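Please read the structure below before turning to the comments.
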2 protein chains.
Amino acid sequence: MAVTIYDVARHAGVSPRTVSNVVNEYAFVSATTRERVKRSIDTLGYLPNLTARNLRRGRTGMVALVLPEPLHIPYFSELSAFVLDEVAKRSYTAVIEQTDGEPERERALLSANDRGRLFDGFIFSPLGLNSKEIASLAVKAPVVLLGERVSSGPFDHVAIDNVSAAKCAVGHLVALGRRRIAAIGHQPYETGETARLRTQGYRETLEAAGLAYDKRLVVSTPLFHRDNGAEAMARLLALAKPPDAVFCYNDLLAVGALRTLLRAGVRVPEDVAVVGFDDIEEGRYLTPALTTISPDKQAIASLAVKQLFKRLDGDAGRPVDFEVPFRLAVRESTQGGSEACEGPPPRPKAGRP
Amino acid sequence: MAVTIYDVARHAGVSPRTVSNVVNEYAFVSATTRERVKRSIDTLGYLPNLTARNLRRGRTGMVALVLPEPLHIPYFSELSAFVLDEVAKRSYTAVIEQTDGEPERERALLSANDRGRLFDGFIFSPLGLNSKEIASLAVKAPVVLLGERVSSGPFDHVAIDNVSAAKCAVGHLVALGRRRIAAIGHQPYETGETARLRTQGYRETLEAAGLAYDKRLVVSTPLFHRDNGAEAMARLLALAKPPDAVFCYNDLLAVGALRTLLRAGVRVPEDVAVVGFDDIEEGRYLTPALTTISPDKQAIASLAVKQLFKRLDGDAGRPVDFEVPFRLAVRESTQGGSEACEGPPPRPKAGRP
DNA sequence: TCGGTAGTGTACATCGATGCAAGGATCGAT
DNA sequence: ATCGATCCTTGCATCGATGTACACTACCGA
């Protein structure tokens with residue numbers, strides 16, 4: 001039915017191998033032959049069967065982008081758009097897998113128990129599995145981790161410096177003269193490494209500024225969604241002494257917090273300033289527009305994909321950690337002038353010992 | 001390296017063919033053999049090589065979800081999440097392709113000039129190609145179209161009734177007593193079928209209510225993004241007689257419009273009521289929360305995927321049109337009581353003549 | 001004249017699974 | 001004892017491409 005390499009070979013009067021050589025741009029094919037074959041290919045409308053090619057080459061031609069949340073979470077959809085593009089540039093196919101943070105699903109995907117070694121490599125944003133579990137998985141394909149560092153695990157890793165970023169955000173609030181600065185999004189769970197780092201940055205900044213660390217101002221949330229933010233903010237407003245600023249661990253929490261504030265008639269930023277994290281597009285169109293930590297998502301995508309393909313091409317060097325640049329995007333929800341605090345330069349950080 | 005069917009066969013002392021029979025749950029395998037093979041499979045950790053299987057079966061095991069906009073557009077990311085799940089349920093892999101509405105890219109994907117018949121089927125949300133062009137493509141794989149109907153083309157089709165939905169939205173504004181109702185999102189372009197239908201519903205509702213159709217209140221936008229909405233709203237506010245309500249052709253436009261209104265100190269809904277279209281999560285957390293037409297996205301995804309798989313399973317019946325249910329979600333941006341107007345029941349509409 | 005090598009093209013095996021068709025085994029019926 | 005039918009298992013070919021190894025032609029320098 002479909003045109004195969006044999007059909008082309010017959011039509012051009014050469015062997016299938018020669019057709020293959022032309023298709024793959026093997027150097028030693030005479031100009032004449034090459035032209036003849038190319039004409040046959042065009043005439044017949046031949047397209048290589050990628051399944052066959054991949055079987056022969058021992059690859060699947062696909063990499064998975066494993067996400068801990070459904071695609072409708074803006075941070076991940078924005079990131080995914082970049083990753084898809086980067087992968088497509090390399091004539092590979094990227095498949096998005098949604099784990100919903102379920103450890104079982106993450107395990108299954110990575111250890112390829114799921115669809116049967118369907119992927120040549122993984123870009124993995126873990127949630128359900130903690131560092132040790134991930135490191136202990138016997139994964140055969142290259143994996144690049146996104147997000148929190150798996151300490152000295154066998155994987156490459158791309159992440160923002162969460163402590164610095166949190167310091168940047170909270171420092172901004174301090175500089176604006178805020179004194180009761182709350183935090184929304186702490187996670188006392190096993191997998192909440194991101195949250196822990198951000199809380200650390202928050203705490204250190206307060207202490208450096210001579211502000212007391214008040215437990216009641218740190219609200220834990222099970223997830224990082226809008227409704228969690230709304231609920232957390234409600235709890236903060238109910239305090240005897242409510243905060244005059246909030247640092248939300250992501251923009252969705254901030255969206256929810258803002259909603260609660262505005263519904264309660266609290267003025268933002270006059271009464272309460274709000275800072276988010278992620279810089280999703282949604283935040284720029286809020287009223288007031290959201291001040292937020294803006295990680296370079298394009299950089300995350302391109303560093304991760306680039307590193308993954310290095311591994312696919314056989315690079316067997318030590319695992320590498322990349323630190324992704326970020327900046328504070330100051331907008332109306334804090335309104336201060338334009339504080340500058342930026343992350344590191346856009347390049348690799350260091351190989352690990 | 002990887003465990004193959006031969007390894008299992010040797011280990012279990014049977015032929016590869018028998019292993020295959022067990023894996024594929026062929027009926028006539030003795031309980032004893034089946035058990036033995038299964039044990040070997042577990043012991044060795046065998047996983048079928050899907051590439052090989054697909055080659056043999058003449059399939060790729062993949063379907064493409066072809067989107068006209070990047071994934072970070074909320075409507076599409078929400079829809080994609082559903083589609084991915086539906087496809088995964090069927091042990092197939094869904095791949096998201098972003099065309100950015102480029103006709104060339106759409107053409108290439110569908111006519112499989114791109115990656116070489118990589119997909120067994122397509123769920124295609126067209127933008128760059130118009131009805132005729134799509135219909136004229138010589139696509140071999142089954143295609144289910146999302147969005148505007150390709151009149152009597154050879155494809156199955158899932159869409160909302162845009163005219164009714166627009167009527168529902170505008171009718172709601174009329175019922176609230178609004179008299180100068182604007183529309184944002186008209187598209188005089190060749191591919192703007194969605195927009196045209198919505199404008200039609202808008203216009204018919206006005207006329208039915210005895211309100212004049214005023215060209216100046218209908219603002220065209222090149223795209224359906226937030227900034228287009230913001231800009232369009234600014235233009236409307238600059239009119240000598242600004243509107244007292246706006247019907248936006250999607251929620252992103254409404255987000256932008258709302259932003260402009262709030263920045264200008266216009267009260268919503270008191271001075272201007274706003275209705276959107278799509279019911280993205282973002283709208284529910286706006287202040288004021290966005291009234292919007294809520295299409296059943298889960299239904300879109302499941303109808304489209306179900307129909308696609310019918311085709312993959314060999315159903316060669318006439319092309320079918322599905323009409324997707326919708327409802328008006330009344331929220332703060334119009335604030336009226338709870339108008340009810342719903343779309344059709346959730347089932348197939350009709351086969352075409 | 002002969003060996004060497006660079007340039008072209010081909011034959012055959014192979015990647016890992018499944019379709020096909022036929023070979024045995026078992027059992028009941030005649 | 002023989003025949004069929006049913007149940008179970010297998011050998012071989014095949015899906016469409018590419019890796020390997022080798023054959024053949026020119027042309028080079030010795």
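A quick note: this is a predicted structure, and the numbers were derived from the prediction, not measured.
Remark: the B:T18 side chain and the B:S15 side chain contain an N/O donor-acceptor pair separated by less than 3.5 Å. No hydrogens or angles considered: nothing links the side chains of A:T43 and A:S40 as a donor-acceptor pair under 3.5 Å. B:D120 and B:T60 share a donor-acceptor pair across their side chains, judged by distance under 3.5 Å alone.
The distance between atom CD of A:E35 and atom C1' of C:dT8, rounded to the nearest whole Å, is 16 Å. Counting to the nearest Å, the P atom of C:dG19 and the CZ atom of B:R53 are 10 Å from each other. Look at CG on A:L50: it is 18 Å from P on D:dC15, rounded to the nearest Å. Separating the CG atom of A:N24 from the C1' atom of D:dG19 is a distance of 12 Å, rounded to the nearest angstrom. Per the geometry, CD1 belonging to B:I5 stands 17 Å off P belonging to D:dC12, to the nearest Å. Atom CG in B:D7 sits about 13 Å away from atom C1' in C:dC15, given to the nearest Å. Rounded to a whole Å, the CD atom of B:E25 is 16 Å from the C1' atom of C:dT18.
Between C:dG9 and A:S30, a contact under 4.0 Å exists linking OP1 or OP2 to a side-chain N or O. At the phosphate of D:dT9, OP1 or OP2 sits under 4.0 Å from a side-chain N or O atom of B:T33. Contact annotation: B:R56 side-chain N/O to D:dT14 OP1/OP2 distance is not under 4.0 Å. A:Y46 has a side-chain polar atom (N or O) that falls below the 4.0 Å cut-off from OP1 or OP2 of D:dA17. When the side-chain nitrogen and oxygen atoms of B:S15 are compared with OP1 and OP2 of D:dT9, none of them lie within a distance under 4.0 Å.
Listed nucleotides D:dG16, C:dA17, D:dT9 differ in distance to A:N49; the shortest reach to its side chain belongs to D:dG16. Side chain of B:L55, nearest nucleotide from D:dG16, C:dT18, D:dT10: D:dG16. Of the candidates C:dA17, D:dG11, D:dA17, the closest approach to any side-chain atom of B:R17 belongs to D:dG11. Counting only heavy atoms from C-beta on, B:S20 has its side chain closest to C:dT18 among C:dT18, C:dG7, D:dT18. In the set C:dG16, D:dT10, D:dG16, D:dT10 carries the atom at the smallest distance from any side-chain atom of B:N21.
Between A:F309 and A:Y92, the distance from one ring center to the other falls under 6.0 angstrom.
Looking at heavy-atom distances under 4.0 Å, B:V14 makes contact with sugar-phosphate atoms alone, never a base. Note on B:N54: nothing from the nucleic acid sits closer than 4.0 angstrom, heavy atoms only.
A salt bridge does not link A:D42 with A:R39: none of the charged nitrogens is closer than 4.0 Å to a carboxylate oxygen.
Tested against B:V23, the residues B:V37, B:I41, B:I5 include a single side chain to side chain contact (heavy atoms under 4.5 Å, CB included) partner, B:I41.
When each of B:A52 and B:R36 is assigned the nucleotide of DNA chain D with its nearest heavy atom, B:R36 is the one assigned upstream, toward the 5' end. Place A:F28 and A:G13 on DNA chain C by their nearest nucleotides, and A:F28 ends up nearer the 5' end. Nearest-nucleotide assignment on DNA chain D puts the 5′-proximal partner with B:A27, out of B:A27 and B:R57.
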